[in-house]
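Below, chain A is the first sequence line, B the second, and so on; all start at residue 1.
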Protein chains: 2
Amino acid sequence: MSLRHALLGLLARRPSSGYELTQMFDRSLSTSWHAGHSQIYPELGKLEAAGLIRLVGEGARRSKTYDITDAGRVELRRWLVEAEPDRSQRSESGLRLFLTPLLDAADRKQTFERDLAHVEHELAALKALRAVQADAAEPEVFAPQVELGIRINTVLGEWLREQISTAS
Amino acid sequence: MSLRHALLGLLARRPSSGYELTQMFDRSLSTSWHAGHSQIYPELGKLEAAGLIRLVGEGARRSKTYDITDAGRVELRRWLVEAEPDRSQRSESGLRLFLTPLLDAADRKQTFERDLAHVEHELAALKALRAVQADAAEPEVFAPQVELGIRINTVLGEWLREQISTAS
DNA sequence: ACCGTACATGTCAGAACTTACATGCCAATC
DNA sequence: GATTGGCATGTAAGTTCTGACATGTACGGT
């Protein structure tokens, strides 16, 4: 049921169309949850039918903008505060990292370098985002989350560099 | 196809039964990939039919022990080194962290404290594992992975503590 | 001898998710 | 005025995953 709550959460930030939500999943949420448009559009229909969101406008190119309802806000809060979190994860990258000791030194080094390139790319994007937020007039409530992303990618990068130099 | 490769990877470490594999998913792999026994047993059947693993013995209580084959090892290496990683993640905890700014201060503090308790529990388990590994006669190839887990949980714990004290 | 628990494997219906197909709108460029 | 590309929504078939049901085995305690 996480997709449902991810959509409610995004709509609680600001009213959006399915297309915009799809982009948010790709951009901001890709390190936490993933969903394609073919999953999002039907789910929006179900959420509307359940009264948790409502259609607030139709724009150009048949776009439909939804907003969260009061019932939706109640459900979102209930889920965030009262529901027992499911701590299980699905991360192919994590699985790969777990299995790298099975590779020989050359292959291991190669995959670590590939991962390091990706981590550095992420880190640069997050730092750019932090810089934009620092210049913004309004304080950005999601700044701590960006900071956490920077810290986690930093330790990951350090670890990868250690592995690369150790794997002689 | 990650389940397939997760199973190949675990069997490359040592021959195991489906039951043992299910436990490894719960214990060592829960922060990377999750799978229940109802998914594992059918997948083992498919892997055997594909010649990537083979039945090497039947033990007490009708248990069946599988081992990876040479073809399986080739496929595992191909996937780890040559296949383009899917960097997308599914982490309900990450999603919750991303959405906490939507809560009021009291609710936010409560959920951060719940998360902190979990992180400290994880950290204690990983440190205990590191201590056991340090005492072991043979060097443990998975020690760096344990170290990475400790570091990530450490920064997560620090971040959570900051959020709790800041959220006045 | 009986009971509870951990061991051990399996199936199945339904939900979630992916990939591909399908359609149409609007703006810019050629 | 034709084409291209990004905007925008939708459906459908097939795969993966979950949760419940189902069955039987060995061991330790009482």
Side-chain angles (χ1 to χ4, degrees), chain A residues 1-8 10-11 15-27 29-30 32-50 53 55-66 79 83-92 94-95, chain B residues 1-8 10-11 15-27 29-30 32-50 53-66 79 83-92 95:
Chain A
M1 300 289 279
S2 288
L3 172 61
R4 201 178 182 95
H5 296 102
L7 290 169
L8 283 175
L10 290 173
L11 290 174
S16 316
S17 67
Y19 187 82
E20 290 168 320
L21 291 164
T22 305
Q23 290 184 101
M24 291 180 207
F25 271 97
D26 279 352
R27 290 170 195 169
L29 223 51
S30 60
S32 300
W33 203 263
H34 175 261
H37 79 274
S38 63
Q39 215 188 338
I40 290 169
Y41 289 119
E43 190 63 36
L44 286 173
K46 286 182 207 164
L47 281 165
E48 195 193 5
I53 65 173
L55 191 60
V56 291
E58 303 193 38
R61 298 187 190 86
R62 318 134 116 210
S63 79
K64 297 198 268 180
T65 302
Y66 293 95
W79 181 74
E84 191 55 34
D86 174 1
R87 306 275 178 191
S88 71
Q89 312 225 339
R90 278 218 167 73
S91 159
E92 199 191 279
L95 175 60
Chain B
M1 303 289 281
S2 288
L3 173 61
R4 203 179 180 91
H5 296 102
L7 290 170
L8 283 175
L10 290 173
L11 290 175
S16 316
S17 67
Y19 187 83
E20 289 168 321
L21 291 163
T22 305
Q23 289 183 100
M24 291 180 207
F25 271 96
D26 279 352
R27 289 170 195 170
L29 223 50
S30 61
S32 300
W33 203 263
H34 175 262
H37 79 274
S38 63
Q39 217 188 336
I40 290 168
Y41 290 118
E43 191 62 38
L44 286 173
K46 286 181 206 164
L47 282 165
E48 195 193 5
I53 64 172
R54 67 180 209 286
L55 191 60
V56 290
E58 303 192 37
R61 300 186 191 88
R62 316 134 119 214
S63 79
K64 297 199 267 180
T65 301
Y66 293 95
W79 181 75
E84 192 55 33
D86 175 0
R87 307 275 178 190
S88 71
Q89 312 226 338
R90 278 220 166 73
S91 159
E92 200 191 279
L95 174 61

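Rounded to whole Å, atom C1' of dC17(D) lies 10 Å from atom CH2 of W33(B). Counting to the nearest Å, the P atom of dA8(C) and the CD atom of E20(B) are 7 Å from each other. In this entry the distance linking OH of Y19(B) with C1' of dT25(D) reads 12 Å, nearest Å. One atom, CE of M24(B), and another, P of dA8(C), lie 12 Å apart when rounded to the nearest Å. As rounded to whole Å, 15 Å separates atom C1' of dT16(D) from atom NE2 of H5(B). Between the OH atom of Y66(A) and the P atom of dA8(D) there is a distance of 14 Å, given to the nearest Å. Atom C1' of nucleotide dA8(C) and atom CD of Q23(B) are separated by 10 Å, given to the nearest angstrom. Counting to the nearest Å, the C1' atom of dC17(C) and the CG atom of L7(A) are 14 Å from each other.
Looking at every heavy atom in both residues, I53(B) comes nearest to Y66(B) through CD1-CD2, 3.7 Å. Taking both residues in full, the closest heavy atoms of L95(B) and S32(A) are given as N-CB, 3.7 Å, listed atom of the first, atom of the second, then distance. Closest non-hydrogen pair, E92(A) versus E84(B), comes out as OE2-O, 4.5 Å.
Under 4.0 angstrom from either OP1 or OP2 of dC17(C) there lies at least one side-chain N or O belonging to R90(B). Between dT9(C) and Y41(B), a contact under 4.0 Å exists linking OP1 or OP2 to a side-chain N or O. Distances shown here put every side-chain N or O of Q39(B) at or beyond 4.0 Å from the OP1 or OP2 atom of dT16(D).
Where H37(B) and R62(A) each meet DNA chain D at their nearest nucleotide, the meeting point lying more 5' is that of R62(A). The residue among T65(B) and L3(A) whose nearest nucleotide of DNA chain C is located toward the 5' end is T65(B).
In this structure, E20(B) contributes its side chain and S17(B) its backbone to a donor-acceptor pair below 3.5 Å.
For residues 34-47 of chain A, the set of pairs meeting the side-chain hydrogen bond (donor to acceptor under 3.5 Å, both in side chains) definition, not counting sequence neighbours, comprises R4(A)-E43(A).
Judged by distance alone with a 3.5 Å cut-off, no donor-acceptor contact links the side chain of S63(A) to the base of dT9(D). Side-chain N/O atoms of S38(A) and base N/O atoms of dG10(D) include no donor-acceptor pair closer than 3.5 Å.
The H34(B) side chain lies nearest to dT18(D) when the options are dT9(D), dT18(D), dT9(C). Listed candidates were dA8(D), dT11(C), dA16(C). Nearest to the side chain of R61(A) is dA8(D).
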